[in-house]
Number of protein chains: 2
Amino acid sequence: MALISPSRRIRRTPFSDGVEAAGVTAYSVYNRMLLPTVFRSVEEDYRHLKEAVQIWDVACERQVELRGPDAARLMQMLTPRDLRGMLPGQCYYVPIVDETGGMLNDPVAVKLAEDRWWISIADSDLLLWVKGVAQGFRLDVLVDEPDISPLAVQGPRADDLAARVFGDGIRDLRFFRFGYFEFQGRDLVIARSGYSRQGGFEIYVDGGDIGMPLWNALLEAGRDLDVRAGCPNGIERIESGLLSYGNDMTAANTPHECGLGRFCDTLTAVGCIGRDALLRVAREGPVQQIRPIAIAAGTLPPCDRPWPLMAGDRRVGQVTSAAVSPDFGEGVAIGMVRMTHWDPGTTLTVITQDGPRDAVVREKFWIFK
Amino acid sequence: MALISPSRRIRRTPFSDGVEAAGVTAYSVYNRMLLPTVFRSVEEDYRHLKEAVQIWDVACERQVELRGPDAARLMQMLTPRDLRGMLPGQCYYVPIVDETGGMLNDPVAVKLAEDRWWISIADSDLLLWVKGVAQGFRLDVLVDEPDISPLAVQGPRADDLAARVFGDGIRDLRFFRFGYFEFQGRDLVIARSGYSRQGGFEIYVDGGDIGMPLWNALLEAGRDLDVRAGCPNGIERIESGLLSYGNDMTAANTPHECGLGRFCDTLTAVGCIGRDALLRVAREGPVQQIRPIAIAAGTLPPCDRPWPLMAGDRRVGQVTSAAVSPDFGEGVAIGMVRMTHWDPGTTLTVITQDGPRDAVVREKFWIFK
């Protein structure tokens, strides 16, 4: 692996000083911002995430804020998910599609009020699409990126840690709901959500100035809980079937191909820009779809490029995320597979840069029995 | 410095195999793609760039292609530069602005035909803005990212090397013009341009499959010219006053603040989305502007965050790119300075993460006498 060159263009976060002090060893770049990826080792970080609690600098989950009379209308133009029943205080996972039904992002929408929304984005400049659409349709809405930096608390001891800093009330927060909790005189939006299946919260830190005070308060309060600086873990998220935009799907894929058809209410999502394109897809169904793929391997090279999935000489898909799982004792992977070969139990060959490996299509991701 | 974690989301390029074989030691991420930043050392690469010739993997300069009856109209909506006199075969540097006059990108527009353009972008997903605008205004135009990967040939021996591979005709190409040149049976757009002041070309490699054959052909043909794999050099580009979008300017800046007023024909660029906002800016002039800043320093930490520029206790600007120049024997930097302190010779203090340094506003960038 090579080094990453520092520059202002790859933005630091309000928590970067803490991340460095905790001994980060590797980064990715996400939304033109630093995203820590390794502290001790991927395997050691993985074990700790599953047993204790971690603080994650996920400031790179930038927010796109919509404010104004047309905010709700614009939000519905962006996604095929029907938002009419969504209440303030709720978070919805919303595929965002263009006019062809291709996915531009797979964010979480946070409804603060009827006329104020945050879109907590994955890795693409969704701000530019939303601004362009608002401009072209002459909507009465302000669209910008506020100074909000998410900090995640993840792991089985997340409730205990959060309760110490924000009060016991946070234990009652339901999944994908948010509430306002006070820290140093400021009300912060905190949601029960996060990019792992180990449980926890995402704190929408409003104002970079309280980033390090909050970071330090959490580490201090959790000392006897073995709290550590951590980050989204490549192994855990694959075992858990958490997709990654840019890895497992791109603008070339429809939500249906990504197994996100249940978030597409295409018939009733009137106004969605991609609705016409998706109506056809919803009727006919996708011809390829995301599947968990088990790979027979004790070691694997980094999945830094799509790995062809072969049935004999025929390419029937590709793997886009892969790692070796200590808990499951095999290679765990996410792939896009043609319908002719997507049935559970189908045996295939995956071509890595280090050569071919045996692979099997699974019915479910690993954590689901 | 930390390592960069490989993943498919950070795209490899058609030249990545060659870059790795040449011993790349550090990368940046640019348009969600790998951009090599160091081979031997920044200083050694710098010296070689100024004396010989280098091949640069700048595939991360992605293209946004506009095709169709409304292509020219859309292109003019994006920029305040008047494009009416632009001919097929020309390249224009075009600031791209939003409705507030804020810069969304500073690309080079390549006019292939009246109804077909490429926008060779800096680091932002300009594709999403252009698609959103086209969608909202219901324009008759196709907008997408074609499989075009620029490869640059830069350095004083660039003409000699290019002539060996593409024929002597390439020597007659004028600055910011392009022509079609043949390689292995394919016609490639080649422009006399590039992100250094050492001279050279950018080859718009059409189709990833011929990436490595072309890379190898150039290295082979230039063996006695001491050709090497290289990359945009942080020192050379600052000495030369080549701005970097995301470093030296963001969406918070107007073109006038970036010293790009000469590319804004705001009165005649009818249709430009940011025209109303820029008319006011053009009349009143900017209150801050980009300036070359000399820093008294034998070493400098990486400029990975804006460095405040102070006049006493008062913040009057910021430095966003900086390095120590071997040729000029001082710190060379690019800063944004308030009008009260932007006159050449003004002495200031720059606050780096390693402490304060003396700084002076210069009239011109270093390479200009």
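These numbers come from the heavy atoms of this one structure, side chains and all, not from hydrogens, waters or symmetry mates. Please read all numbers here as calculations on a predicted model, not as lab measurements. In what follows, chains carry the letters A, B, and so on, assigned in the order in which the sequence lines appear, proteins first and then strands, with residues in each chain numbered from 1.
Put simply, the side chain of B:E20 never gets that close to the backbone of B:G23: no donor and acceptor are under 3.5 Å apart. Side-chain atoms of A:D147 do not come within 3.5 Å of backbone N or O of A:S149 as any donor-acceptor pair.
The closest side-chain donor-acceptor pair between B:D248 and B:T320 falls under 3.5 angstrom.
Neither the backbone nor the side chain of B:S16 has a heavy atom closer than 4.5 Å to any heavy atom of chain A. The part of B:Y245 that comes within reach of chain A is its backbone (N, CA, C, O), which places non-hydrogen atoms under 4.5 angstrom from that chain. Heavy atoms of B:R138 lying under 4.5 Å from chain A belong exclusively to its side chain. Using a 4.5 Å cut-off between heavy atoms, B:P6 touches chain A through backbone and side chain atoms alike. Neither the backbone nor the side chain of B:Q353 has a heavy atom closer than 4.5 Å to any heavy atom of chain A. Within the 4.5 angstrom heavy-atom criterion, only backbone atoms of B:T25 (N, CA, C, O) approach chain A. Looking at B:D98, the atoms closer than 4.5 Å to chain A (heavy atoms on both sides) all sit in the side chain, from C-beta outward. Proximity to chain A is absent for every atom of B:L34, based on heavy atoms less than 4.5 angstrom apart. Heavy atoms closer than 4.5 Å to chain B are found nowhere in A:S321, neither backbone nor side chain.
Just one of A:R9, A:R8, A:R11 meets the salt bridge (Lys or Arg N to Asp or Glu O under 4.0 Å) condition when paired with B:D123; it is A:R9.
Other residues, nucleotides and ligands contribute at most 12 non-hydrogen atoms within 6.0 Å of the CZ atom of B:R40.
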Exercise. What's the verdict on salt bridge (Lys or Arg N to Asp or Glu O under 4.0 Å) for A:D17 and A:R12, showing C-alpha distance, side-chain angles and the deciding distance?
Worked result: CA-CA 9 Å; A:D17 287 347; A:R12 292 169 64 82; 2.8 Å; yes
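Here the CZ-CG distance, from A:R62 to A:L127, works out to 11.0 Å after rounding to the nearest 0.5 Å. Note that OG1 of A:T250 is 9.0 Å distant from CD of A:E257, once rounded to the nearest 0.5 Å.
Counting heavy-atom pairs closer than 4.5 Å to chain B, the top residue among A:L139, A:L128, A:V38, A:V24 is A:L128. Taking A:C303, A:A251, A:P36, A:A134 one by one and counting their heavy-atom pairs under 4.5 Å with chain B, the maximum is reached by A:C303. Of the listed residues (A:S124, A:S244, A:G234, A:S28), the one with the most heavy-atom contacts under 4.5 Å to chain B is A:S124. In terms of heavy-atom pairs under 4.5 angstrom with chain A, the leader among B:A322, B:P302, B:A26 is B:A26.
A salt bridge is defined here as a Lys NZ or Arg NE, NH1 or NH2 lying under 4.0 Å from an Asp or Glu carboxylate O, and B:R32 with B:E145 fails to meet this definition.
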